[in-house]
Amino acid sequence: MPLHRGAQPHRDEHSEERRRLALNPFYGEADPTAAMTTAPPRHKLPDGPLPPLTAYRLVHDELMLDGNSRLNLATFVTTWMEPQAGVLMGECQDKNMIDKDEYPRTAELERRCVAMLADLWNAPDPSTAVGCSTTGSSEACMLAGLALKRRWAKRNADRYPATARPNLVMGVNVQVCWEKFCNFWEVEARQVPMDGERFHLDPQAAAELCDENTIGVVGILGSTFDGSYEPIAELCAALDALQERTGLDIPVHVDGASGGMVAPFLDPELQWDFRLPRVSSINTSGHKYGLVYPGVGWALWRTSDELPEELVFRVNYLGGDMPTFALNFSRPGAQVVAQYYTFLRLGRDGYRAVQQSARDVACGLARSVAELGDFRLITRGDELPVFAFTTNPDVHAYDVFDVSRRLREHGWLVPAYTFPANRQDLSVLRVVCRNGFSSDLAALLIEDLKLLLPELRSQKHPLSHDRPARTAFHH
């Protein structure tokens with residue numbers, strides 16, 4: 001999350017008259033002529049309480065200025081669930097997920113979700129796979145990285161002190177949480193750059209970066225930059241060959257933040273999961289294509305051998321032993337309950353239908369964008385329901401940042417950003433199609449884009465030439 005500063009008096013302190021006018025007289029509980037005469041302060045606690053309806057209206061009105069989440073084509077996060085799921089979540093907001101002995105059924109639903117994912121991801125023996133819920137994929141990646149580092153440290157205890165600095169190999173396209181992991185836990189990040197039309201990790205290049213200090217290699221099933229799958233099977237094969245040549249046994253963690261809940265249903269023959277013996281752990285975001293509102297992720301290990309015992313904490317659970325592994329302690333159980341509800345509600349066929357619909361919309365929308373004539377597709381939405389595109393070489397009047405800015409004026413949030421090394425020369429727009437983004441909405445997006453193109457084509461040059469290009473890329 002971004003860092004914020006406290007109140008800035010020269011900007012945030014307003015006159016008493018302005019604070020009085022900040023309140024609608026009808027915000028009063030009964031008599032609009034005898035209600036509050038001034039709005040409460042915004043950066044310190046007010047002296048007294050407000051009626052609940054007044055407090056609600058103040059907060060509600062300010063939040064109207066947020067973007068429409070359903071039109072946010074930048075986020076991978078779920079923006080629509082059924083009303084029944086919302087009711088369940090409301091009923092569970094007060095349940096603390098860590099209190100296993102107080103909320104045993106919530107704990108049981110978490111255990112069932114782990115078992116379902118172990119089966120979905122083809123664990124050799126789902127009953128021996130271990131896993132846990134998290135607040136999202138970022139925490140899940142941290143936990144998986146910690147397990148990789150601790151396993152490396154145990155294997156090399158006789159060669160290195162506890163302060164030794166190992167490395168983790170990944171593509172430059174990884175989500176920022178992996179850079180945070182390396183920074184927080186003193187691990188060298190070895191990144192494979194992009195090259196030409198290859199926008200993610202190259203298996204052979206990744207293997208060449210590995211040495212005796214490598215704790216693992218991260219493969220991304222669904223790059224956030226363009227929606228493409230990384231070749232996990234080829235990566236494992238390259239590491240198999242490396243082990244035959246050098247004896248180095250390097251495990252693979254699959255960051256399936258999005259693809260982990262897409263590929264099993266739409267690409268069942270794709271080898272990326274625990275069917276590959278070198279894959280030791282997988283994470284996914286329940287709140288992305290797991291179809292749950294924000295606040296839940298999952299981390300799974302092939303067996304308990306992949307998760308060092310010293311990282312696991314044990315709590316008394318109904319007189320028994322409940323192992324836990326998490327960075328966070330207290331958190332609501334609502335999202336875990338919602339995940340179990342969604343698993344029950346949809347099943348394999350339901351998930352397949354939802355994800356296929358999202359992919360169909362993405363592919364159709366990508367074709368429509370290409371037919372406009374001004375754009376070149378980087379990806380087509382046929383892996384993740386996500387595609388990226390850029391302007392054609394003969395388009396000189398505007399750039400992707402101009403398109404993003406103008407679409408925002410129509411309510412659409414379509415991020416524009418520049419690719420990392422070695423393709424900083426490439427700037428793209430990216431569209432994420434999620435459950436709830438229908439073909440009708442896609443058609444409206446194309447209509448708005450068609451309306452904007454004549455004005456964009458009439459510009460003398462891209463407006464980003466006059467000021468630094470602003471990106472709107474959020475993983």
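Bear in mind that the values here come from a model prediction, so they are computed numbers and not experimental data.
Residue pairs meeting the salt bridge (charged side-chain N to carboxylate O under 4.0 Å, His left out) criterion with at least one partner in residues 251-264, sequence neighbours excluded, are absent. Identified under the salt bridge (charged side-chain N to carboxylate O under 4.0 Å, His left out) test for residues 337-354, with sequence neighbours left out: E82-R345, D119-R348, D349-R352. Annotation: salt bridge (charged side-chain N to carboxylate O under 4.0 Å, His left out) contacts involving residues 411-420, sequence neighbours excluded, are absent. Residue pairs meeting the salt bridge (charged side-chain N to carboxylate O under 4.0 Å, His left out) criterion with at least one member in residues 360-379, sequence neighbours excluded, are E197-R376, D374-R457. Evaluation of the ring pair (Phe, Tyr, Trp, His ring centres under 6.0 Å) test over residues 246-269, restricted to residues two or more places apart or in two chains, returns W178-H253, F265-Y351.
The side-chain contact (heavy atoms from CB on, under 4.5 Å) search around L63 returns V59, D66, not counting sequence neighbours. Contacts of D382 classified as salt bridge (Lys or Arg N to Asp or Glu O under 4.0 Å), with partners at least two apart in sequence or in another chain: none. For D211, the salt bridge (Lys or Arg N to Asp or Glu O under 4.0 Å) partners at least two apart in sequence or on another chain are R190. In this structure D240 satisfies the salt bridge (Lys or Arg N to Asp or Glu O under 4.0 Å) test together with R278, sequence neighbours excluded. Not counting sequence neighbours, R380 has no partner by the salt bridge (Lys or Arg N to Asp or Glu O under 4.0 Å) test.
No side-chain heavy atom of D226 sits less than 4.5 Å from a side-chain heavy atom of V428.
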I'd like a table of donor-acceptor pairs (distance under 3.5 Å, sequence neighbours excluded) in which one partner is a side-chain atom from residues 215-222, with atom names and distances.
none

Side-chain donor/acceptor pairs under 3.5 Å, residues 436-443, sequence neighbours excluded:
residue, atom, partner, partner atom, Å
S438, OG, D440, N, 3.4
S438, OG, L441, N, 3.2

Using the ring pair (Phe, Tyr, Trp, His ring centres under 6.0 Å) rule, take F313 and F325 through it: C-alpha gap first, then chi angles, then the decisive distance, then the call.
CA-CA 6 Å; F313 290 83; F325 183 33; 8.3 Å; no
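R359 contributes a side-chain N or O that, together with a main-chain N or O of E383, makes up a donor-acceptor pair within less than 3.5 Å.
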